[in-house]
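To start, the structure under review is shown below, and the notes come after it.
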Amino acid sequence: VTCLAVLILMSLQALVSFQHLHIHNQKLWVDFEGQCQKFLENPYDEMIAAHIRCAMAVSNGDMMEAYACQGVVTQSFLKAFQAQKEENWAIPVLKRVVSDLRQFALKAEASLVRSKSRRKPGEMLEKAADLIMSCFRVCVSDSRTALEVSKRVGTPTLVNQLFKIYFKINTLHLCKPLVRAIDGSDIKDHFTKAQFVTYKYFVGKKDMFDSDFKAAAESLEFSFNCCYISSQRNKRLILIYLIPVKMLLGYMPKPELLEKYDLLEFEDVRRAVSQGNLLLLSQTLRKHEAFFIRFGIYLILQKLKIISYRNLFKKVLGPHTTLDVVSLAGSNPTDGTSAIISFLQLRVVGGYSSAASEGI
């Protein structure tokens, strides 16, 4: 019975997947609406009919129509999913449906850009996020059911899909309730390894943009260390965010690491910060500006100037040095001490102010 159930589930998952070869079979397009109504109960008839219309739209290159149809697939599935009590066998189907929804939303956005549409950028992704959030609410609300048969098992996939959308459309503030929901439940102990690596990657990125660099380093290091060795592309992507965070905490990457993962854009950054060479740092940021902006780390790397100043001070002044504020700043002591005060606040240098000697 168990083997038969697994086979049926795999067949159902394949029937709604755009990774399966059936989407190229145009024989399915013949009187499919009538056939679905004849053999399937509501809302499965709506779901499968919308899936076939989606396949037709993809064949015609109409990504807007494909996205709209996939939205109907998701809504129809949610009706059936919500009606199921104390059972979660449909979770694999849920994963496939929402993953395809996000992919079609991305393709619809790309088609709008190509057609120079005046619609708000990210609108399709926002609507997709709303649908996925509806699925998320159904899953988290199933709190009284034993975890083995609870819909809460589906929350890791939904959270990661929402993270991908929120980072894409730059609505990171919406990530906070998701993190709070996961941290406040026992579901975190039931993530698969791949799911938790993805989850910690996005949490680490969020912490980085919130300037919580220690928390960001912890999450990103976990994600990097637990990522499959064969997933070189994913490990490289994690490092693009982990390297700046670790540098801000005073840890420079090894040249061998940068070479291994083809991240030589950081080599001159590393060298400039280590040497306290502000000119080289500015030149390197300008040289690789497109790369750093593409991954959203340009402004984060700008903060390395503080670390570079610290290293420059250490080289030029050495320890136990008293700075004369008046001579350093000329007629405006505020300008001359602003950087030093920043160092003290960020704890990148140690020191104290002396009113008697007008020094720091």
Side-chain angles (χ1 to χ4, degrees), residues 2-3 5-6 9-10 12-13 74 77-78 81-99 101-102 129 131-167 171-210 212-231 233-235 237-239 241-242 245-246:
T2 303
C3 292
V6 169
L9 182 57
M10 290 175 62
L12 181 57
Q13 190 177 2
T74 307
F77 171 78
L78 187 57
F81 187 62
Q82 197 167 8
Q84 297 170 6
K85 304 300 180 183
E86 296 189 358
E87 50 184 315
N88 61 5
W89 59 267
I91 292 293
V93 182
L94 171 68
K95 294 177 182 179
R96 188 70 267 159
V97 167
V98 298
S99 177
L101 177 66
R102 183 181 65 84
L131 274 174
I132 298 174
M133 180 56 76
S134 297
C135 298
F136 177 77
R137 292 192 187 100
V138 170
C139 288
V140 297
S141 64
D142 192 20
S143 56
R144 296 184 179 181
T145 309
L147 191 62
E148 293 75 16
V149 292
S150 174
K151 295 180 178 67
R152 284 179 295 153
V153 176
T155 55
T157 292
L158 299 175
V159 166
N160 287 338
Q161 291 292 336
L162 287 168
F163 275 159
K164 291 176 182 180
I165 292 177
Y166 292 155
F167 273 88
T171 53
L172 304 191
H173 63 283
L174 297 176
C175 296
K176 190 173 182 179
L178 298 177
V179 175
R180 191 164 56 241
I182 295 297
D183 288 347
S185 71
D186 58 348
I187 196 63
K188 191 161 65 173
D189 299 328
H190 297 273
F191 276 65
T192 66
K193 181 180 179 181
Q195 287 172 337
F196 204 51
V197 165
T198 302
Y199 175 78
K200 295 295 280 186
Y201 164 71
F202 283 112
V203 169
K205 282 179 65 176
K206 175 188 171 297
D207 288 336
M208 181 189 73
F209 290 123
D210 289 341
D212 189 351
F213 299 121
K214 287 186 178 180
E218 181 182 342
S219 293
L220 290 169
E221 280 184 329
F222 175 90
S223 186
F224 180 78
N225 292 331
C226 294
C227 187
Y228 292 114
I229 296 176
S230 59
S231 301
R233 177 180 173 275
N234 289 342
K235 291 177 83 72
L237 189 59
I238 296 166
L239 280 175
Y241 300 98
L242 179 57
V245 167
K246 294 291 284 183

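As the structure is a computational prediction, the values presented were derived from the model and not from experiment.
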Crowding at NZ, K193 (>12 non-hydrogen neighbours, <6.0 Å): yes

Heavy-atom side-chain proximity of V197 to F191 below 4.5 angstrom: no

Minimal heavy-atom distance between K246 and E221, with the atoms involved, is NZ-OE2, 2.9 Å

Any side-chain heavy-atom pair from F81 and V93 closer than 4.5 angstrom? no

Before accepting this row, confirm whether a basic side-chain N of the pair K200/E218 lies closer than 4.0 Å to the acidic partner's carboxylate O. no

Decide yes or no for L162 and M133: does some side-chain heavy atom of the first lie under 4.5 Å from some side-chain heavy atom of the second? yes

Rounded to the nearest 0.5 Å, what's the gap from OG1 on T74 to CZ on R102? Could you check? 12.5 Å

Within the structure provided, determine whether I182 and V179 are in side-chain contact (heavy-atom separation under 4.5 Å). no

Relative to each other, are the rings of F202 and F163 parallel, tilted or perpendicular (30° and 60° limits)? tilted

Considering only heavy atoms from C-beta outward, does the side chain of L94 approach that of L158 to under 4.5 Å? yes

Looking only at heavy atoms, what is the nearest atom pair of V203 and S219, with distance? CG1-OG, 3.9 Å

Under a 4.5 Å cut-off applied to non-hydrogen side-chain atoms, are K151 and E87 in contact? no

Using the ring of each side chain (for Trp, its six-membered ring), is F196 parallel, tilted or perpendicular to Y199, with breaks at 30° and 60°? parallel

Y166 versus L178: any side-chain heavy-atom pair under 4.5 Å? yes

So which atom in L147 and which in N88 form the shortest heavy-atom distance, rounded to 0.1 Å? O-ND2, 4.1 Å

Could you tell me whether D186 and R152 have a side-chain N and a carboxylate O separated by less than 4.0 Å? yes

Heavy-atom closest pair (G204 atom, L220 atom, distance to 0.1 Å) is CA-CG, 4.0 Å

Under a 3.5 Å threshold, yes or no: a donor from one side chain and an acceptor from the other, between Q195 and T192? yes

Check: K235 and Y228 side chains under 4.5 Å, non-hydrogen atoms: no

